[in-house]
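Chain naming here is simple, since letters A, B, ... match the order of the sequence lines and numbering starts at 1 in each.
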Protein chains: 2
Amino acid sequence: MSWRKEQRRAERGYHHGNLKEALLQAALGLIAEKGAAGFTFADAARMAGVSAAAPYRHFRDRDELLSSIAQRGFEQFEARLTSAWDDGRPDTVTAFERVGKAYLAFARDEPAFYNAMFESGLPVDANPALQAASERAFNIIRAAAERLAALAPPGTPRPPAMMMALHIWSMAHGVASLFSRGDAARRKLPMSPDELLEAEVLIYLRGLGFPTDRRPQKKSAEPPPVPPEASSGSGVPPGGPWGKPK
Amino acid sequence: MSWRKEQRRAERGYHHGNLKEALLQAALGLIAEKGAAGFTFADAARMAGVSAAAPYRHFRDRDELLSSIAQRGFEQFEARLTSAWDDGRPDTVTAFERVGKAYLAFARDEPAFYNAMFESGLPVDANPALQAASERAFNIIRAAAERLAALAPPGTPRPPAMMMALHIWSMAHGVASLFSRGDAARRKLPMSPDELLEAEVLIYLRGLGFPTDRRPQKKSAEPPPVPPEASSGSGVPPGGPWGKPK
DNA sequence: AGCTCATGTGAACGACTTTTACATGAGCCG
DNA sequence: CGGCTCATGTAAAAGTCGTTCACATGAGCT
């Protein structure tokens with residue numbers, strides 16, 4: 001039954017017209033199904049209804065397709081983090097945690113992108129555009145950390161924002177990689193990955209001396225009035241950041 | 001020049017004698033070089049001086065070889081964590097951090113194992129033995145967290161040990177994955193991965209109310225004498241957990 | 001109408017995975 | 001010691017991929 005290919009071609013003519021995009025979409029689907037390792041250039045071509053050689057008109061090789069996807073992934077990632085951060089509204093801590101949740105949500109909702117970005121084993125510094133995209137995404141976390149660091153309670157040494165950003169990133173990435181994806185999520189947890197990360201971040205922030213019982217701060221002037229309980233020990237949410245056993 | 005194979009065979013006879021082990025070693029080397037994705041069954045066979053079909057006498061397929069390596073990796077991992085934990089000597093917090101360092105050290109010293117264990121994309125629950133080995137390794141962290149939780153300062157709600165273990169694991173894994181390996185380590189950091197993780201854990205523990213200025217505790221009876229500054233805010237090490245900018 | 005160049009095709013090469021039928025020889029049994 | 005057997009190895013073959021090359025097609029410009 002090789003009339004299928006003829007059929008396809010009859011429908012769309014000799015030239016595909018939008019092969020590059022079609023290949024990206026096909027690859028995305030395949031990676032979601034079988035992982036970046038299992039994804040095959042030939043399969044993507046087949047799925048787009050073209051010969052195995054056609055993709056080479058649009059990508060130097062399989063790796064370039066993969067890294068294109070990773071790049072696109074970082075762009076969407078950045079967009080989602082940006083939107084989650086929402087410039088620190090309604091208050092910095094709340095927004096900060098929303099960023100953490102967005103990280104997990106992305107890993108969950110876009111397994112193909114996440115896979116290509118973090119688990120495909122392709123060298124980040126191979127493609128400068130890829131590296132730049134990754135950099136921009138991280139800068140969201142960094143900017144958020146910067147704002148948070150500026151809020152550090154007086155009396156304690158101010159934590160380096162870069163360090164905070166790296167810490168938060170590692171937490172989110174660790175939770176996402178270990179517990180929030182595919183089969184690794186099979187490990188039975190006492191709480192959801194989201195809750196796990198939220199508690200982790202809250203405890204961490206408390207360790208830095210931040211008040212972690214979130215209450216809407218005045219959105220007009222954020223830095224100025226640091227709540228009085230900032231440097232005291234009373235900022236503990238009832239029941240601790242891990243909440244009550246439900 | 002195909003006399004090489006004949007040569008090899010002349011040296012060792014028709015039967016290899018220890019092929020399984022030789023294949024595991026060869027694979028380990030190849031994975032270290034080119035990653036689990038780039039590693040090839042045929043290459044391992046070649047390296048062991050046997051035909052491409054020979055490995056199938058010892059492993060059902062490529063994946064089984066990979067998962068054997070992962071399993072062996074988890075065993076060594078467990079051994080190193082156990083030794084680092086050293087049953088909580090000289091004091092729980094110190095030992096706990098040593099475990100974190102051991103995690104990073106393993107990722108650094110045994111990239112092939114680490115790769116097979118965490119980055120090869122093979123389903124953890126495929127092989128029950130693999131799953132068990134992974135479980136045992138995690139249990140070290142869990143046991144350590146248990147001991148640490150028991151030390152929680154009075155007056156604050158006691159954190160669930162399981163949660164702590166998962167948090168620590170995710171931190172260590174996040175730092176290792178993002179910053180402590182191969183090319184991803186290319187990202188220029190303000191501090192070493194070890195320091196990064198140490199600071200992260202210290203801040204986290206402080207967030208839980210633990211005293212984090214380590215001083216040798218009496219090794220005889222550990223739980224009893226919680227230092228007085230446990231629940232106050234004065235447990236901040238000079239300069240904070242991130243130390244002084246050197 | 002005709003040219004040109006981007007885009008797609010088919011065939012071919014070498015490498016890899018896996019299966020199959022056959023070869024070898026180590027260890028046991030009489 | 002002679003012979004049997006079975007674990008272990010080999011060669012060959014089929015099927016898949018990645019990748020390249022010479023060639024085909026037709027969209028868009030002149």
Side-chain angles (χ1 to χ4, degrees), chain A residues 1-27 30-31 33-69 120-122 126, chain B residues 1-27 30-31 33-69 120-122 126:
Chain A
M1 289 58 174
S2 108
W3 57 274
R4 280 216 109 284
K5 198 154 34 175
E6 321 296 335
Q7 176 74 6
R8 280 285 191 94
R9 190 147 46 183
E11 283 168 8
R12 59 137 239 259
Y14 192 94
H15 289 280
H16 184 289
N18 198 14
L19 184 52
K20 185 161 189 170
E21 192 55 34
L23 286 172
L24 286 167
Q25 292 305 326
L30 289 170
I31 293 174
E33 271 182 51
K34 314 187 286 186
F39 142 77
T40 223
F41 218 26
D43 247 343
R46 218 165 343 219
M47 192 155 302
V50 297
S51 76
Y56 290 86
R57 295 294 176 199
H58 300 276
F59 302 95
R60 181 167 44 280
D61 57 15
R62 186 180 169 283
D63 268 10
E64 193 180 275
L65 171 49
L66 218 55
S67 101
S68 286
I69 289 191
S120 64
L122 50 73
Chain B
M1 290 73 168
S2 109
W3 56 275
R4 281 217 107 285
K5 197 151 39 171
E6 322 296 335
Q7 178 73 7
R8 279 287 191 92
R9 191 151 41 187
E11 283 167 8
R12 60 137 238 259
Y14 191 95
H15 289 281
H16 183 289
N18 198 14
L19 185 52
K20 186 161 190 170
E21 192 54 34
L23 286 172
L24 286 167
Q25 291 305 327
L30 288 170
I31 294 174
E33 269 181 53
K34 313 188 287 186
F39 142 77
T40 221
F41 219 26
D43 246 343
R46 221 173 338 237
M47 192 155 301
V50 297
S51 76
Y56 289 85
R57 295 292 175 200
H58 300 277
F59 302 95
R60 183 168 40 277
D61 56 17
R62 185 180 169 283
D63 269 10
E64 193 180 274
L65 172 49
L66 218 55
S67 101
S68 285
I69 289 190
S120 64
L122 51 73

Please step through side-chain contact (heavy atoms from CB on, under 4.5 Å) for the pair A:Phe41 and A:Leu66, ending with a clear verdict.
CA-CA 10 Å; A:Phe41 218 26; A:Leu66 218 55; over 6 Å; no
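- If you take CG of B:Leu65 and P of C:dT17, they are 10 Å apart, rounded to a whole angstrom.
- Listed nucleotides: C:dG8, C:dC16, D:dC17. Nearest to the side chain of B:Arg46: C:dC16.
- Side chain of B:Arg62, nearest nucleotide from D:dT10, C:dT18, D:dT8: C:dT18.
- The CD1 atom of B:Ile69 sits 10.0 Å away from atom CG of B:Leu122, with the distance rounded to the nearest 0.5 Å.
- A 4.5 Å side-chain heavy-atom check between A:Leu30 and A:Thr40 finds every atom pair outside the cut-off.
- Note: CZ (B:Phe59) to P (C:dC16) measures 18 Å, nearest angstrom.
- Side-chain atoms of B:Asp61 come within 3.5 Å of backbone N or O of B:Glu64 as a donor-acceptor pair.
- Across all strands shown, B:Gly38 has no heavy atoms under 4.0 Å from either base or sugar-phosphate atoms.
- When atom types are taken as modelled, the side chain of A:Arg46 and the backbone of A:Ala52 share no donor-acceptor pair closer than 3.5 angstrom.
- The listed nucleotides are C:dC16, D:dT10, D:dT19; the one nearest the side chain of B:Ala54 is D:dT10.
- Annotation for B:Ala45 and B:Ser51: closest pair CB-O, 3.5 Å, computed over non-hydrogen atoms.
- Comparing C:dT18, C:dC16, C:dG8 by their closest approach to the side chain of B:Thr40 singles out C:dC16.
- Once rounded to the nearest 0.5 Å, the distance linking CZ of B:Arg60 with OG of B:Ser68 reads 9.5 Å.
- The closest donor-acceptor contact from the side chain of A:Arg57 to the backbone of A:Leu19 lies at 3.5 Å or more, if one exists at all.
- Judged by the 6.0 Å distance and 45° axis criteria, A:Lys34 is not positioned over the aromatic ring of A:Phe39.
- Between B:Asp61 atom CG and C:dT18 atom P there is a gap of 5 Å when expressed in whole angstrom units.
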Restricting both atoms to N or O, compile the protein contacts to nucleotides 21-25 of chain D shorter than 3.5 Å, with distance only.
unit_1: D:dA24; atom_1: N3; unit_2: A:Tyr14; atom_2: OH; d: 3.2
unit_1: D:dT25; atom_1: O2; unit_2: A:His15; atom_2: NE2; d: 3.1

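- Rounded to an integer number of Å, the gap from B:Phe39 CZ to C:dA15 P is 18 Å.
- The CE atom of A:Met47 sits 10.5 Å away from the CG atom of A:Leu23 when rounded to the nearest 0.5 Å.
- If you take CD of B:Glu21 and C1' of D:dT8, they are 17 Å apart, rounded to a whole angstrom.
- Here A:His58 does not reach the OP1 or OP2 of C:dA6: none of its side-chain N or O atoms lies under 4.0 Å away.
- In this structure, CG of B:Asn18 is placed 10 Å from P of D:dG9, rounded to the nearest angstrom.
- Base contact: A:Tyr56 has a heavy atom under 4.0 Å from a base atom.
- In this entry the distance linking CZ of A:Phe41 with C1' of C:dA15 reads 18 Å, nearest Å.
- Using five terminal pairs a side, the axes of the helix from C:dA1-D:dT30 to C:dG30-D:dC1 at its two ends make an angle of 10°, given in steps of 10 degrees.
- Atom P of nucleotide C:dA15 and atom CG of B:Leu30 are separated by 16 Å, given to the nearest angstrom.
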